[in-house]
Amino acid sequence: MTFELPALGYAYDALEPHIDALTMEIHHTKHHAAYTANLNGAIDDTDMADKSIEKLLRDHNDNAAVRNNGGGYWNHCFFWNVMSPDGGGPPSGAVADAINAAFGSFEEMQTALNKAGMTRFGSGWAWLMVTGDGTLAITSCPNQDNPLMDGSGTPILGVDVWEHAYYKKYGPGRADYLAAWWNVVDWDAVNDNYAATQ
Ligand code: MN
């Protein structure tokens with residue numbers, strides 16, 4: 001299998017002013033493209049070449065090239081899909097009920113996800129995931145790791161806290177980036193991700 005860089009479902013400037021067009025373009029055409037190419041390079045002509053990305057992340061993450069580039073490939077595909085120019089606001093649907101059940105309120109979940117992103121030292125991701133018992137939980141991972149790798153959960157929402165995701169607009173202001181990012185969260189996509197786990 002050869003993995004391909006997916007097209008975004010919106011223009012590079014569509015998430016302005018919350019995420020700037022230049023950051024989106026570099027993030028997609030340079031960072032995500034490099035993870036995709038390097039993943040393909042790591043699995044070409046090996047017994048991993050015919051495996052799904054989920055299987056690679058679960059079963060072959062002892063291979064550093066597969067872990068880092070496969071994680072980067074999957075995480076960014078996921079990230080583009082949970083953002084939309086029509087996003088933001090409070091959650092809706094079944095995921096809103098699940099958030100209230102797990103955290104008490106949307107605001108408490110936001111606080112917990114922001115904290116996970118802020119306290120991730122260096123580069124990584126903060127995730128809202130469905131755990132093995134079906135409940136929602138917050139976690140964060142270093143580098144391009146995600147909860148699929150250790151089986152701790154299935155992400156339904158996640159945010160990239162690498163500096164490349166925000167530095168051009170926000171400088172070192174990761175908190176400002178996270179605050180703005182909530183304005184582009186696509187709750188319809190999060191509901192689709194949640195439904196797929198049920
Ligand atoms: Mn990134």
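Because the structure is a prediction, the values reported are computed rather than measured. Just so you know, these numbers use all the heavy atoms, side chains as well, and skip hydrogens, waters and symmetry mates. Each ligand, and each atom within it, is numbered from 1 in the order the structure gives.
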| said: Using a distance threshold of 2.8 Å, state whether an N, O or S atom of H76 lies below it from the Mn ion (ligand 1). | reply: yes
| Looking at D160, which of its N, O or S atoms is the nearest one to the Mn ion (ligand 1)? | OD2
| field | the Mn ion (ligand 1): angle it makes with NE2 (H164) and NE2 (H27), nearest 10 degrees | value | 90°
| Has H32 got an N/O/S atom less than 2.8 Å from the Mn ion (ligand 1)? | no
| field | Any side-chain donor near an acceptor of the partner, T23 and D20, under 3.5 Å | value | yes
| query | How long is the span from the OG1 atom in T36 to the CG atom in L5, to the nearest 0.5 Å? | reply | 5.0 Å
| field | Candidates W74, Y35, W125, Y73 - the one meeting ring pair (Phe, Tyr, Trp, His ring centres under 6.0 Å) with F79 | value | W125
| field | Parallel, tilted or perpendicular: rings of W80 and H32 (30°, 60°) | value | tilted
